[in-house]
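Step one of this worksheet: look at the structure below.
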Amino acid sequence: MSIRAFILRALSISLLGLPFMASSANALPEGLDVSGFARVVAGVVSETEREIGGYGERASLRQQSLFALQPTYTFTDEWSVTGQLLAHSSDNRESGVEWLYLSYRPADAWLFRAGKLRMPFFTYSDGIDVGYSYPWVSAPAQVYSNYLFSTFNGVSGTYNFAGDNFAFDIEAYYGYFDGDILIAGSKVDAAGRVDDLRGVVLNVRSNNIGLRLSYHRGYNDTRIDLLEPLQNGLAQAGFNASADSLNSAGEVSFIQAAMTYDTLSSFYKAEWVKTKSEFAAAPYLSGYYLTAGRNLGYWVGDWTLHGTYAASSYSDPKAETELQPILAAGPSADPLANALYEMAAGYYQLFSALPNGSMDSYTVGLRWDFETNQALKLDVTYFKETSPRSGFFATPSTGFYTEDNSNDKYSATLFQLGWEWVF
């Protein structure tokens with residue numbers, strides 16, 4: 001999306017909110033509360049001709065800039081409805097209604113919701129679009145930018161308890177997902193569908209320490225159009241094992257654990273995730289990050305300095321071996337035999353193009369809270385593949401490696417500057 005188109009969408013959402021955004025809260029209709037947030041993020045990559053996270057050698061504002069309004073209407077003490085209208089500058093994100101759900105709170109300890117909800121994969125899932133809520137310009141890519149989805153349709157229930165020095169909340173949900181799939185932050189050519197989606201999230205807090213554990217599971221029924229011709233050809237030729245290895249349908253699970261330690265002057269964060277599936281082309285993916293930061297207010301006012309190390313790794317997808325004799329025989333003058341050879345070559349070429357590597361990154365960032373609701377942030381991140389085909393330097397539209405030199409290891413430095421605003 002062009003910046004002009006993004007501005008027009010943001011203005012249209014702003015105009016929708018104008019009747020409610022008066023200078024005094026008394027001007028709002030009774031029961032209605034409107035909040036919002038915005039961010040403008042610029043980024044540029046050096047040291048490589050490849051893109052990472054959608055950023056390239058030319059500075060861009062398109063990848064993460066956004067504007068959103070979040071109205072909540074409270075009918076009674078128990079019932080309310082919440083929506084979020086979002087205008088996004090990236091071609092990988094749809095602008096419009098990001099979430100819309102009905103809430104029922106029968107008691108202080110219980111909350112039930114139904115509708116289009118935020119998918120609670122990560123620590124910052126609820127506020128990942130609200131850049132003001134976390135220290136980085138971009139949350140660590142090896143955890144937050146891999147192939148997952150941000151919302152689902154369904155229901156959730158949460159119970160919370162708060163004592164003098166201990167508090168916890170536990171959430172369970174059920175629903176389905178139908179929409180775009182992201183790999184390394186880029187939308188891919190696939191019709192994403194996950195049914196029977198369910199999970200549980202536990203948050204525990206005691207004094208300055210926080211712990212989050214979550215488990216998610218569902219049946220993946222995503223259609224990858226790019227693979228279907230080869231998959232159908234293999235099945236028709238009787239190579240069922242090879243055909244099945246290209247079928248992404250099956251159970252998928254996601255495990256997450258995170259820990260935080262916060263004081264008035266410093267913070268420490270760690271988060272780990274692992275995705276497992278029955279899809280032979282992507283058996284599992286894991287990632288984690290470690291972050292430490294310090295508030296420099298004692299010396300230079302409302303400034304925060306932070307550093308992050310992150311890493312991720314794909315499993316090595318295992319191709320079936322039943323086509324190996326055909327590949328070893330080589331091309332043939334016989335049309336049928338040659339067609340089988342080309343099919344076998346295409347199958348193994350596909351597996352050689354899949355992500356199966358790993359990548360480390362190092363980030364140094366600085367944040368300045370120049371107003372109570374606004375901040376400027378600067379991040380410098382160095383990405384380095386520790387083994388080829390980490391997934392982050394792949395062809396954006398497919399998630400595959402289609403170049404002859406796909407066994408090379410790549411590195412890049414990403415510079416980002418962001419302005420964050422909540423209102």
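Along the sequence shown, residues carry numbers from 1.
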Answer yes if the side chains of [X] and [Y] hold a donor-acceptor pair under 3.5 Å, and no otherwise.
X: Ser35; Y: Gln70; value: no
X: Ser361; Y: Thr381; value: no
X: Glu320; Y: Ser245; value: no
X: His216; Y: Ser214; value: yes
X: Tyr268; Y: Asp262; value: no
X: Thr222; Y: Ser248; value: no
X: Trp272; Y: Gln256; value: no
X: Ser390; Y: Ser358; value: no
X: Asn220; Y: Arg193; value: no
X: Thr72; Y: Thr82; value: yes

Ignoring hydrogens, what is the shortest heavy-atom contact between [X] and [Y]? Give both atom names and the distance.
X: Tyr124; Y: Ser133; result: CE2-O, 3.9 Å
X: Ala258; Y: Thr123; result: CB-OG1, 3.2 Å
X: Phe393; Y: Ile52; result: CZ-CD1, 3.8 Å
X: Gln64; Y: Ser89; result: N-OG, 4.1 Å
X: Gly192; Y: Asp178; result: O-OD1, 3.2 Å
X: Val252; Y: Ser277; result: CG2-CB, 4.0 Å

Reported [atom1]-to-[atom2] distance for the pair [X] and [Y], which is rounded to 0.5 angstrom:
X: Thr275; Y: Tyr284; atom1: OG1; atom2: OH; value: 12.0 Å
X: Arg389; Y: Tyr410; atom1: CZ; atom2: OH; value: 10.5 Å
X: Trp99; Y: Asp126; atom1: CH2; atom2: CG; value: 6.0 Å
X: Asn295; Y: Ser266; atom1: CG; atom2: OG; value: 9.0 Å
X: Trp110; Y: Arg105; atom1: CH2; atom2: CZ; value: 12.0 Å
X: Leu285; Y: Asn356; atom1: CG; atom2: CG; value: 12.0 Å

- Task: Output yes when a side-chain donor or acceptor of Gln63 lies under 3.5 Å from a complementary backbone atom of Gly54, and no otherwise.
- Result: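 Checked: pair present.
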message: Can a donor-acceptor pair be found, under 3.5 Å and without considering hydrogens, that links the side chain of Thr321 to the backbone of Gln324?
response: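 The answer is no, because no donor-acceptor pair under 3.5 Å joins these two groups.
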Crowding at [atom1], [X] (>12 non-hydrogen neighbours, <6.0 Å):
X: Phe166; atom1: CZ; answer: yes
X: Arg223; atom1: CZ; answer: no
X: Asp108; atom1: CG; answer: no
X: Gln349; atom1: CD; answer: no

- [ ] Please state whether the rings of Tyr289 and Trp136 are parallel, tilted or perpendicular, taking 30° and 60° as the class boundaries.
- [x]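 Taking Trp136 first and then Tyr289, their aromatic rings stand perpendicular (interplane angle over 60°).
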Verify whether the ring centers belonging to [X] and [Y] lie closer than 6.0 Å.
X: Phe383; Y: Phe392; result: no
X: Phe254; Y: Phe122; result: yes
X: Tyr173; Y: Phe152; result: yes
X: Phe121; Y: Phe149; result: yes
X: Phe75; Y: Tyr73; result: yes

[X] versus [Y]: any side-chain heavy-atom pair under 4.5 Å?
X: Phe267; Y: Thr291; result: yes
X: Arg367; Y: Leu376; result: no
X: Val41; Y: Leu417; result: no
X: Leu414; Y: Tyr382; result: no
X: Arg62; Y: Ser90; result: no
X: Glu98; Y: Arg118; result: yes
X: Leu102; Y: Trp79; result: yes
X: His88; Y: Leu66; result: yes

Go through the steps to decide whether Leu86 and Asp129 satisfy the test side-chain contact (heavy atoms from CB on, under 4.5 Å), and finish with yes or no.
-> CA-CA 9 Å; Leu86 184 143; Asp129 289 327; 3.6 Å; yes
For the pair [X] and [Y], find out whether any cationic side-chain nitrogen is under 4.0 Å from an anionic carboxylate oxygen.
X: Glu171; Y: Arg113; value: yes
X: Lys384; Y: Asp360; value: no
X: Asp169; Y: Arg205; value: yes

*Any residue meeting salt bridge (charged side-chain N to carboxylate O under 4.0 Å, His left out) with Asp33, in chain and number order, not counting sequence neighbours*: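 Per chain and number, Asp33 pairs via salt bridge (charged side-chain N to carboxylate O under 4.0 Å, His left out) with no residue.
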Exercise. Verify side-chain contact (heavy atoms from CB on, under 4.5 Å) between Tyr348 and Leu327, making sure each step is shown before the conclusion.
Key: CA-CA 9 Å; Tyr348 291 113; Leu327 186 69; 3.7 Å; yes
| query | Which pairs with one or both residues in residues 411-421 pass salt bridge (charged side-chain N to carboxylate O under 4.0 Å, His left out), sequence neighbours excluded? | reply |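 The answer is Arg39-Glu420, Lys377-Glu420.
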Practice item. Applying side-chain contact (heavy atoms from CB on, under 4.5 Å), run through Val422 and Val130 and close with a yes or a no. Key: CA-CA 8 Å; Val422 294; Val130 189; 3.7 Å; yes
Tell me, which pairs form a side chain to side chain donor-acceptor pair (under 3.5 Å) where one or both residues lie in residues 329-340, sequence neighbours left out?
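Only Asn338-Glu342 qualify under side chain to side chain donor-acceptor pair (under 3.5 Å).
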(request) Evaluate the criterion side-chain contact (heavy atoms from CB on, under 4.5 Å) for residue pair Tyr219 and Glu251; output intermediate values, then yes/no. (result) CA-CA 5 Å; Tyr219 184 83; Glu251 289 290 323; 3.8 Å; yes
